Structure formats: structure tokens, C-alpha cells
Amino acid sequence: MAKVTPRAQDYSEWYLDVIREADLADYAPVRGCIVVKPYGWAIYEHMREFLDRRFKETGHVNAAFPLFIPLSFLQREAQHVQGFSPELAVVTHGGGEELEEPLVVRPTSETIIGYSYAQWIRSYRDLPLLINCWNSVVRWEKRTKPFIRTMEFYWQEGHTAHATHEEALEEVMRILDVYYDHMRADCALPGFRGRKSLYERFAGALTTYSVESMMGDKRSLQSCTSHDLGQNFARAFEIKFLDRDNTEKYCWTTSWGLSWRLLGAVIMVHGDDQGLRLPPKIAPIQVVIVPIYKTDAEKSIVFETAGRLFQTLKAAGMRVKLDDRDETPGFKFNDWELRGVPVRVEVGPKDVANGMVGLARRDRPGKEGKSFVSQQGLAEHIHTLLQEIHQSLLQQAEHFLHSHIRECNTWDEVKEAVEDGWALAPLADNPANDEFIRNNLTAKTLNFPLDQPEGEWTCVVSGQRVRERALIGKSY
RNA sequence: CGGGGAAUGGCGCAGAUGGUAGCGCACACGGUUUGGGACCGUGAGGUCCCGGGUUCAAGUCCCGGUUCCCCGACCA
């Protein structure tokens, strides 16, 4: 009766099965694109609300910029165009006529936003300019996977301009922390903040920072990025300001993004053989109440209690659903487990008589996660339980992550480590080393974690003395 | 973009040797059920991925294309 391929049997099949069975998304009739169904979108919406709040708390405002970008804009920044050219969707015709200048469907908006910023910014008083956009972008990807890599994907992209490099750097790190906190506090996803290697940095950036997450198959997912763009885009788009000293200077800009791929990470990190396991904060339904009855008489008393509990939990601010479908309890249990609902409340005739309810927590399988508790104080109880479930999911993921990272000091150790996780190894930040890794392993440099042990070691590739270790692993 | 699989009802699949499609689940209706994916009966649902070709006849054979999955290269 299993509808979901066991995770251990075929991780990729399992992932696709969960997406289908939990009703998150469908394939679209266009290659590499997906249709996100209401349940999947609801999760994304919650993630978005939390992030948006954090952006606003740190002084950012939202705005919108065009989907189409003149091709020439992309070409103004040499590295940028080189990096993105292979994956551009280009519009050459409109209204039945060939366009004078092709329009690019935005792969990211640095260029078109740079154009506006150049017009908006005149004085140091206009800085910093802190804008975020919720939109979708298009990249002509060769190989796609729902949520993880789609040709069109929804995300947010932040773009800021500052008077000094120091301020820009502060912004880059502030956002990296916003992402990191969002991942942990809202999505129960641990990860490593770090600097991308020069080889892996964003096309056009001075430095790129990322959070790397470990999926259930021990491959890495770059969950988000925050870029120090230096003055590269400011020079390309003439984003200048008159400083206090009455001299004209180029701005220092940043950009940063987090996409719906993070939802893919939530599925991959927390899901199990029963299906999805959602962190309570982003679960569209946090508590489901399943009534249990045989006769009509039982039905009516059970529903009376279930309805009352529903109102109580709702009034306590929880997203709760009373499942009144005409299905057997067993069916409903499995159904909601598949959809990852964190807490299930079971109300049967015995419970009504005893003033109790059955409680099942999704983070623990089977009987282990089941208990019976009093209807008195149920809201408080579940409120605490939801927090516990969040912590438990985070801890499980963290344990998995840390137990699959190995400190390595030689190339042979790295080679072995990436077969079952990530290596943390001394590495010189030189593109030649990245290429060596990519050419000799099916792994790559993930990032140089911000938290580094003190010391000096020998680079596992070049033999140089270095003071930094990099995470190396297979990745999506 | 290279290599390998695959495409048949919503989902999962079966359809040697060519003869005009079937099963399980899901769906609709009726009844019996309901504390871990209930059962019986009745019923509805299919351009067999698309386009050509071979043939009296194509889900099946041939050619071309599209999409999906896996492994690489490339990228959030």
C-alpha cells in the first residue's frame, strides 16, 4: 500500500513521490517548470512571511522591477554577462514584430535595478538604499528538479547601495544572519555560513557568502547567497553619489537571494518514509483533529467535543483543521502524516467520556509519538509541543549534519569523506584547486565556514600553508 | 549538452510473436463499516506523448521530435 518509495531505497524517487503524494506540486507542460499547488504554496507563503518580516525589521522595503531586461544591460558587467549568457531566455519578437533590441527575461535583477539606482541616488543622504523584491526569475537550466532547480523559480532578491565598503559588508553579513536565523528558527534547518571560493562566487561579485545545508542523501544544497558586489555594478551602471566632502563616489552595492529551493530543503531534510514532516512554524496546518466514532450517536457527541477543541485551539492562534471527511480514522492518520502535519489530535467516544484526547506527534514515528492527555489545558500543551517538535526536527537534522562531516588533512581522506558526507579540509582559495577537486571527485568546494578553528595546515590540493578549511562535498 | 532508462484513464502498472486496450488504487452512486490506509455491488473515465512512415490492420514495427527520471558536465 506504500505510495512513497522508501528513502533508503531511492532518495530521488522518494523526494518526487513525497512532492506528488503530499500534494505540493505538479509538473508543468513546459520543460523544467513546475506548478505549485495550494498546499505547497501555503508552505512557501509562511516561509515568505517570516523572511519578509525579518527584512523589514532590518530596515528594508519591498519594490518591483521589470521582468524584461534589455540585453545590453547584461553586457555592461563583464563577469556578469559571461556567467549568465549560457542560461538566458531571450525575447526577440513582440506584437508580431522583431524587436530592435532583444529583451532578456531576468535571470536576476542587478542590472535593471542598477539602472534605477543610478537615477535615484544623488547624495550620501540617499544612502543606504535597502530594497527587496519578491518575484520569479528564469534560467535555462540543463537539468532540473522540482523546487531544487527549476527553469523559472520564485525567490526574493535584495539589492542595496551603500556609501562605504564597510557598510556594504555589514549588510552582506547581516543578511546572511537573517537567512541563517530564518532557516533555523522557522524551518528547523541547520547549515554552515561561509564564504564561497573565488571559483564559486556569483558572476560579478567580489565575494559571495552562502549557507550550505546537508540533504538526507548527504549532498549539499546552497540554501541562499549574499553577495558583496564591490563597486562592479556601480561602475557599470554609474551608481554614484556626492559625499559629505563634495566629491563624487561610486556606491558599494550588495545583492542577496533565497528561493523556493529552501522548500525543497525542508522536504529533503525533514521528510521520512511516511512522507513530509513540516516544521510547525511553516506548516499550513499545525494541528489536525481526527474524530473517531461508530454510530450516529457517537458521532454527534464526538463532534461536539471535537468542535469545541477546534475552537479552543483556533482561538489560541493555531492553524488547526477538523477532518470531518467520511473516511476511516486510519486513512486520515496516514493522509495527514503524508502531508507532514506536526500534531494530530484524536477524539473518540472513550476520550469524550474520560475528558482526554489522543495526541500524536509527527516528528516521532508510530506509537513512540503517541500519548493521551487531558482536554483541560490542551491548547497550552500543544503550544509547548509544537515548540518541542521544532526543536526535535532541528536537532535531528543537526545531528545528521555533524555526524557526516569529517575533518580531513590529506587528499586521500577527502576522497573517502565525500563518499559519505562532507570533508572539512585545509584548502587554498585558488580556482586551480577548485578545478582539481571538480575534475577528480564528483564533489566541489561548498564554502569556507565563517567559524574556523585556529591553526595553520597544508592545503590538501596544492600543499600550500593555509589558515582556512573548506567544506567539500557532493552537491545539488 | 553527452551517456542510459522511460512515456498506456488522476496515480502505479500489464498489454510474447501487429488484429482497435486491461488490472490495482483513486473517483461517482447505494449499502454495510469506522481507535492505524474497510468491504460488497453498480458506474463513469483512455487523442495508448506528438508528427510522419510501413501495413488490409500499429499501443506494438521504422524515422523524426517532445517531456520525465538516472549518471556526468554547467548553474541558485
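Predicted model only: the values in this text are computed from it and were never measured. Sequence lines set the chain letters: A, B, ... in the order given, protein chains first and strands last, and positions in each chain run from 1.
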Please report the distance, rounded to the nearest Å, between [atom1] in [X] and [atom2] in [N].
X	N	atom1	atom2	value
A:E21	B:G10	CD	C1'	11 Å
A:I292	B:U34	CD1	P	12 Å
A:W14	B:G12	CH2	C1'	19 Å
A:D335	B:G37	CG	C1'	9 Å
A:R362	B:G36	CZ	C1'	13 Å
A:K332	B:G36	NZ	P	14 Å
A:E13	B:C11	CD	C1'	13 Å
A:L338	B:G36	CG	P	18 Å

Using a heavy-atom cut-off of 4.0 Å across all strands, would you classify [X] as base, sugar-phosphate, or nothing?
X	result
A:G257	nothing
A:S259	base
A:E87	sugar-phosphate

Taking the [atom1] atom of each, how far is [N] from [M], in whole Å?
N	M	atom1	result
B:C75	B:A16	C1'	46 Å
B:U60	B:G64	P	16 Å
B:G12	B:G52	P	28 Å
B:U67	B:G51	P	16 Å
B:C48	B:G59	P	7 Å
B:G36	B:C74	C1'	47 Å
B:G10	B:A44	C1'	13 Å

Between protein and nucleic acid, restricted to nucleotides 72-74 of chain B and to nitrogen or oxygen atoms under 3.5 Å apart, what atom pairs and distances do you find?
residue : atom : partner : partner atom : Å
B:G72   : N7   : A:R143  : NH1          : 3.4
B:C74   : OP2  : A:R438  : NH2          : 3.1

In Watson-Crick or G-U wobble terms, both distances under 3.5 Å, what is the partner of [N]?
N	value
B:G18	none
B:A38	B:U32
B:G46	none
B:C1	B:G72
B:G12	B:C23
B:G51	B:C63

| Which nucleotide sits closest to the side chain of A:R31: B:C68, B:C27, B:C69? |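 Shortest atom-to-atom distance from the side chain points to B:C68.
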| query | A:Y27 has a side chain; which of B:G35, B:G37, B:C69 sits nearest to it? | reply |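 Selected nucleotide (nearest to the side chain): B:C69.
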| query | Toward the 5' end of RNA chain B, which comes first, A:Q222 or A:G32, by nearest nucleotide? | reply |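 In this pair, the answer is A:G32.
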| field | Most 5' of A:G366 and A:F147 on RNA chain B, judged by nearest nucleotide | value |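 Residue closer to the 5' terminus by nearest nucleotide: A:G366.
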| field | NZ/NE/NH1/NH2 to OD/OE distance under 4.0 Å, A:R339 and A:D23 | value |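 Yes, this pair counts.
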| query | With under 30° as parallel and over 60° as perpendicular, where do the rings of A:F55 and A:W134 fit, or are they tilted in between? | reply |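 Judged by the thresholds at 30° and 60°, the geometry between A:F55 and A:W134 is tilted.
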| task | Would you kindly check if the NZ (Lys) or CZ (Arg) of A:R149 is within the cone defined by 45 degrees around the ring axis of A:W140 and under 6.0 Å from the six-membered ring centre? | result |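 No, A:R149 and A:W140 do not form such a contact.
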| query | Within 45° of the axis and under 6.0 Å from the centre of the six-membered ring of A:W336, does NZ or CZ of A:R344 qualify? | reply |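 Because its charged atom misses either the 6.0 Å distance or the 45° angle limit, A:R344 does not stack over A:W336.
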| task | Show your working on side-chain contact (heavy atoms from CB on, under 4.5 Å) between A:E327 and A:D335 and close with a plain yes or no. | result | CA-CA 10 Å; A:E327 298 284 355; A:D335 195 41; over 6 Å; no
| request: Test for a donor-acceptor pair under 3.5 Å between the base of B:G36 and the side chain of A:E337, counting only N and O atoms. | output: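 Flag set: donor-acceptor pair detected.
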| query | Do A:R344 and B:G36 have a side chain to base donor-acceptor pair shorter than 3.5 Å? | reply |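 Indeed, a donor on one side and an acceptor on the other fall under 3.5 Å apart.
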| message | Please determine whether the number of non-hydrogen atoms from other residues, nucleotides or ligands lying under 6.0 Å from atom CZ of A:F73 exceeds 12. | response |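 Atom CZ in A:F73 is packed in, count exceeds 12.
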| Pair A:S392, A:D363: side-chain N/O donor-acceptor within cut-off below 3.5 Å |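 Checked: A:S392/A:D363 side chains pair up, N/O donor to acceptor below 3.5 Å.
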| Rounded to the nearest 0.5 Å, how far does OG of A:S259 lie from CZ of A:F147? |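 Interatomic distance, A:F147 CZ to A:S259 OG, rounded to 0.5 Å: 10.5 Å.
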| query | So, for A:W256 and A:F202, is the gap between ring centers shorter than 6.0 Å? | reply |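 For A:W256 and A:F202, the ring centres are not under 6.0 Å apart.
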| Hey, is the side chain of A:T328 poking within less than 4.0 Å of OP1 or OP2 on B:A38, counting only N and O atoms? |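 Result: yes.
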